[in-house]
Amino acid sequence: MIQMTLRQLRYFDALARHGHFGRAAESCSISQPALSMQIKEMEETLGGVLLERSARQVTLTKFGEEIVQRVREILRSVDELGDFARASRDRLAGRLRIGMIPTIAPYLLPKVIENLARMHPELDIHVRETLTPKLIKEVVEGRLDTAIVALPVSEPSLTEVVCFSENFLLVRPGEDEGTPVPSHETLREMRLLLLEEGHCFRDQALSFCNMQSPPREVLDASSLSTLVQMVGAGIGVTLIPEMAVTVETRSATVSVARFRNPQPSRTIGMVWRKTSPLAGQLAQISEVVCLAADALREARKAKSSSRK
């Protein structure tokens, strides 16, 4: 009878994801030799080689690729047992693994965490910030309970719940303050600064400008903060979501303007697996996210009014 521990399965899953013993060991909070020993024992138990080892990285053998799919199914089922137990409680408690995209996390996350900690103090919140495709993959695979992303994601296995919508604003050099706001047709002729490929916000900005792909002169950045600083340096113009304006423009000499209607916008919401035992609790958490967004919106209005 084959006997393996859940710990070994989790170690193997981590190693398959990271492709490196050191990074996998760090993610599992154990030493590299201990991880290596557990994987070796697993190979001996299964009677096959799971990995091809080299000095810089490890890759799965064909046997390993087959095993890792089954391992992830087992781990997902084990995690769902815990979810069923948590779902049976009358209160929100225990671990919550939540993901957010980078154009939301720095602005919305503090208020969401504050609200959750106040309203559901027994929650143990773990946050993951990365791009939408990775978040969706991790939610589908059960490595995240939920994610806050721009909708729609059009993944059949996921429930999508709309939380709020927000407009995109134009950021220009400070000397452009008060000048006419360009149309989306005119914007195509300007030096447009965008996030690098992989960010859904980049695609949304291109869509507003009716561009399938950016012209050669478009410059890419890895964060909204970098984009705004580049605008302040006179390199070009950019679009940023409204929730980011207060944070990102406070240390840059830029002007911010709204487009004429219909304004470019995005819809933000939460996604989780349709089969998740925590669906009811996650629906409650989506309401907390809505409250956080409302609070940010009111704070922006109050600050804008105080300036007038």
Side-chain angles (χ1 to χ4, degrees), residues 96 98-113 115-116 127-140 144-171 184 187 192 194-212 223-224 227 238-248 256-274 276 279-301:
L96 173 66
I98 184 169
M100 290 191 191
I101 55 177
T103 57
I104 293 177
Y107 322 108
L108 185 64
L109 179 60
K111 198 64 180 179
V112 170
I113 297 297
N115 287 351
L116 287 175
V127 179
R128 165 103 159 111
E129 180 188 6
T130 190
L131 301 180
T132 300
K134 292 182 180 179
L135 290 178
I136 298 306
K137 184 174 187 291
E138 292 178 19
V139 172
V140 170
L144 287 174
D145 297 311
T146 184
I148 299 176
V149 296
L151 300 180
V153 297
S154 303
E155 168 54 53
S157 65
L158 298 182
T159 294
E160 298 183 13
V161 173
V162 173
C163 292
F164 62 95
S165 295
E166 65 170 346
N167 293 325
F168 303 160
L169 302 185
L170 176 66
V171 181
H184 63 87
L187 199 60
L192 182 63
L194 297 171
L195 291 174
E196 61 190 359
E197 289 187 10
H199 289 269
C200 58
F201 188 75
R202 171 192 176 93
D203 298 331
Q204 292 159 348
L206 287 173
S207 176
F208 171 66
C209 299
N210 290 332
M211 290 191 289
Q212 296 298 320
S223 70
L224 294 177
L227 287 179
T238 193
L239 279 65
I240 65 172
E242 192 165 1
M243 72 166 68
V245 170
T246 301
V247 172
E248 300 301 351
V256 179
R258 291 186 180 276
F259 291 99
R260 294 185 291 274
N261 291 326
Q263 297 182 50
S265 65
R266 67 177 179 177
T267 299
I268 303 300
M270 279 178 55
V271 298
W272 59 80
R273 295 182 305 284
K274 291 180 178 178
S276 174
Q281 284 87 340
L282 294 173
Q284 294 179 49
I285 290 171
S286 72
E287 296 175 2
V288 176
V289 173
C290 293
L291 290 174
D294 288 342
L296 288 178
R297 189 177 297 110
E298 291 304 315
R300 288 195 301 271
K301 288 181 179 178

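As a basis for the values below, the full set of heavy atoms in this structure was taken, side chains included, without hydrogen atoms, waters or symmetry mates. Residues: numbered from 1 along the sequence shown. Since the structure is predicted, the reported quantities are computational estimates derived from the model, not experimental observations.
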Tightest non-hydrogen contact, residues Leu96 and Leu116, listed as CD2-CD1, 4.3 Å
Is the backbone N or O of Ala283 less than 3.5 Å from a side-chain atom of Ser286, with the two atoms forming a donor-acceptor pair by type? yes
Return the minimal non-hydrogen interatomic distance between Val139 and Ala147, and the atom names on each side. CG2-CB, 3.9 Å
If I take atom CD from residue Glu197 and atom CZ from residue Arg202, how far apart are they, to the nearest 0.5 angstrom? 5.0 Å
List in chain and number order the residues that pass side-chain contact (heavy atoms from CB on, under 4.5 Å) with Asn167, two or more places apart in sequence or in another chain; answer none if no residue qualifies. Glu242, Arg258, Gln263, Ser265
Just wondering, do Pro241 and Leu224 contact through their side chains at under 4.5 Å, heavy atoms? yes
Please give me the minimum heavy-atom distance between Val271 and Glu160, naming the atom from each residue. CG1-CG, 3.8 Å
How long is the gap from CG on Leu151 to OG on Ser165, to the nearest 0.5 Å? 9.0 Å
Inter- and intrachain pairs under side-chain hydrogen bond (donor to acceptor under 3.5 Å, both in side chains), touching residues 99-113, at least two apart: Thr103-Arg266, Tyr107-Glu248, Lys111-Glu114
Using 0.5 Å steps for rounding, measure from the CG atom of Leu109 to the CE atom of Met100. 4.5 Å
Pairing residues for Phe168 by the ring-ring contact (aromatic ring centres under 6.0 Å, His included) criterion, not counting sequence neighbours: Phe201
Using side-chain heavy atoms (C-beta onward) and a distance below 4.5 Å, is Val171 in contact with Val245? no
Output for pair (Ile268 CD1, Ile148 CD1), nearest 0.5 Å, gives 9.0 Å
Results of side-chain contact (heavy atoms from CB on, under 4.5 Å) for Leu131 - residues two or more places apart only: Pro102, Pro133, His199
Heavy-atom closest contact (Lys274 atom, Thr159 atom, distance): CG-OG1, 3.4 Å
Pair Asp145-Ile285, side-chain contact (heavy atoms from CB on, under 4.5 Å): steps then yes or no: CA-CA 11 Å; Asp145 297 311; Ile285 290 171; over 6 Å; no
Rounded distance [0.5 Å steps], OG1 in Thr130 versus CG in Leu135: 5.5 Å
Contact summary for Val288 and Val112, nearest pair of heavy atoms: CG1-O, 4.4 Å
Taking the side chain as everything from C-beta on, heavy atoms only, tell me whether Val149 gets closer than 4.5 Å to Cys200. no
Nearest-0.5 Å distance that lies between atom CG in Leu194 and atom OG1 in Thr238: 6.0 Å
If you define the side chain from C-beta out and look only at heavy atoms, does anything of Leu282 sit under 4.5 Å from Val161? no
With Glu155 via side-chain contact (heavy atoms from CB on, under 4.5 Å) - residues at least two apart: Ile136, Val140, Val153, Ser157, Leu158
For Lys137, what residues pass the side-chain contact (heavy atoms from CB on, under 4.5 Å) criterion, not counting sequence neighbours? Glu141, Arg143
Ala292 and Leu108 have their tightest heavy-atom pair at CB-CD1, 4.0 Å
Taking side chain as C-beta onward, heavy atoms only, is Phe259 less than 4.5 Å from Leu170? yes
